[in-house]
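Here's the structure, in structure tokens; my notes come after.
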Amino acid sequence: MKAMLPLIAQALVALSPSSPAQAQDAMTGEEFESYTKGQTFYFAEDGVPYGGEEYLNNRRVRWSFLGGECKEGYWYEDNRRICFVYEDLNGPQCWSFVKGPEGLRATFYGPEPASELYEVLKTDDPLNCPGPEVGV
């Protein structure tokens, strides 16, 4: 993971949005699955690294805030929103994904103000998932 951080930082500079995302149609579940399956994505928010997610078979996912422990989960489509359910959260987290020329943009739907994440790196390398208390 440490080797990935300089690449992510370089990508943040190159891909930081200079204007708000264009209003486009949100991806369907099929479009989202076709673009993400078998890939690992790293996301940022306002130029700051946010986290990475590995998209596995059968709509399963593995998420980590950068440098943190990985969480297993799955996703499903609900009214053109992609909803994620993780092993330790109480309910789904739903996002609207748009694919533009610079990659994915994701807008969160929930009680908090809307967050917008954007793709800074797409790779077929697996997500680095150090376990809890590694080396203890």
Side-chain angles (χ1 to χ4, degrees):
M1 182 62 185
K2 289 182 182 179
M4 293 296 293
L5 291 177
L7 292 173
I8 294 168
Q10 290 172 0
L12 284 172
V13 173
L15 296 177
S16 291
S18 56
S19 62
Q22 296 176 344
Q24 299 176 6
D25 290 330
M27 297 173 84
T28 65
E30 288 179 7
E31 292 168 331
F32 182 76
E33 183 172 31
S34 175
Y35 185 68
T36 61
K37 186 176 178 182
Q39 302 293 308
T40 299
F41 289 80
Y42 292 90
F43 296 96
E45 180 180 36
D46 294 327
V48 177
Y50 190 83
E53 188 146 48
E54 183 176 0
Y55 294 88
L56 308 164
N57 290 327
N58 301 318
R59 297 188 170 185
R60 291 178 307 111
V61 293
R62 185 173 296 127
W63 166 263
S64 175
F65 290 103
L66 294 181
E69 189 177 326
C70 290
K71 305 294 181 191
E72 302 288 329
Y74 65 93
W75 68 268
Y76 63 91
E77 180 184 7
D78 181 18
N79 197 25
R80 285 215 177 213
R81 292 184 182 152
I82 306 300
C83 299
F84 297 87
V85 177
Y86 297 99
E87 59 192 4
D88 63 344
L89 296 178
N90 292 332
Q93 296 183 3
C94 297
W95 300 76
S96 173
F97 284 87
V98 174
K99 184 177 175 287
E102 297 174 347
L104 288 179
R105 289 201 175 283
T107 303
F108 180 70
Y109 289 91
E112 304 285 322
S115 297
E116 185 175 277
L117 304 181
Y118 55 93
E119 172 187 336
V120 294
L121 183 64
K122 176 182 175 183
T123 179
D124 56 2
D125 292 336
L127 188 63
N128 183 18
C129 289
E133 302 178 14
V134 171
V136 176

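Throughout, residue positions are numbered sequentially from 1 according to the sequence presented. Keep in mind that this is a model prediction, so the values were computed, not measured.
- With values rounded to the nearest 0.5 angstrom, Y35 atom OH is found 5.0 Å from L104 atom CG.
- In this structure, CD in E77 is found 8.0 Å from CD in E30, a value given to the nearest 0.5 Å.
- In this pair, Y76 and Y74 present their aromatic rings tilted. The plane angle is within the 30 to 60° band.
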Report, one line per pair, each donor and acceptor closer than 3.5 Å where one atom sits in a side chain of residues 55-66; sequence neighbours left out.
from : atom 1 : to  : atom 2 : distance (Å)
Y55  : OH     : E53 : OE1    : 3.1
R59  : NE     : E33 : OE1    : 3.4
R59  : NH2    : E33 : OE1    : 3.4
R60  : NE     : N57 : O      : 3.3
R62  : NE     : E72 : OE2    : 2.7
R62  : NH1    : E54 : OE1    : 3.0
S64  : OG     : G68 : O      : 2.8

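- For the residue pair E119 and G103, the shortest heavy atom distance occurs at OE1-CA, 3.4 Å.
- Taking CG of D78 as the reference point, atom OH of Y109 lies at 12.0 Å (rounded to 0.5 Å).
- Considering every non-hydrogen atom in both D125 and T40, the closest pair reads O-OG1, 2.7 Å.
- In this pair, F97 and F84 present their aromatic rings perpendicular. The plane angle is above 60°, beyond the 30 to 60° band.
- Applying the disulfide (SG to SG under 2.5 Å) test to pairs two or more places apart or on separate chains, those with a residue in residues 38-73 are C70-C129.
- Among pairs with a residue in residues 81-96, those fulfilling salt bridge (Lys or Arg N to Asp or Glu O under 4.0 Å) read K71-D88, at least two apart in sequence or across chains.
- Between atom CG of residue L117 and atom CG of residue D46 there is a gap of 9.5 Å, rounded to the nearest 0.5 Å.
- The CZ atom of R105 lies 13.0 Å from the CH2 atom of W95; values are rounded to the nearest 0.5 Å.
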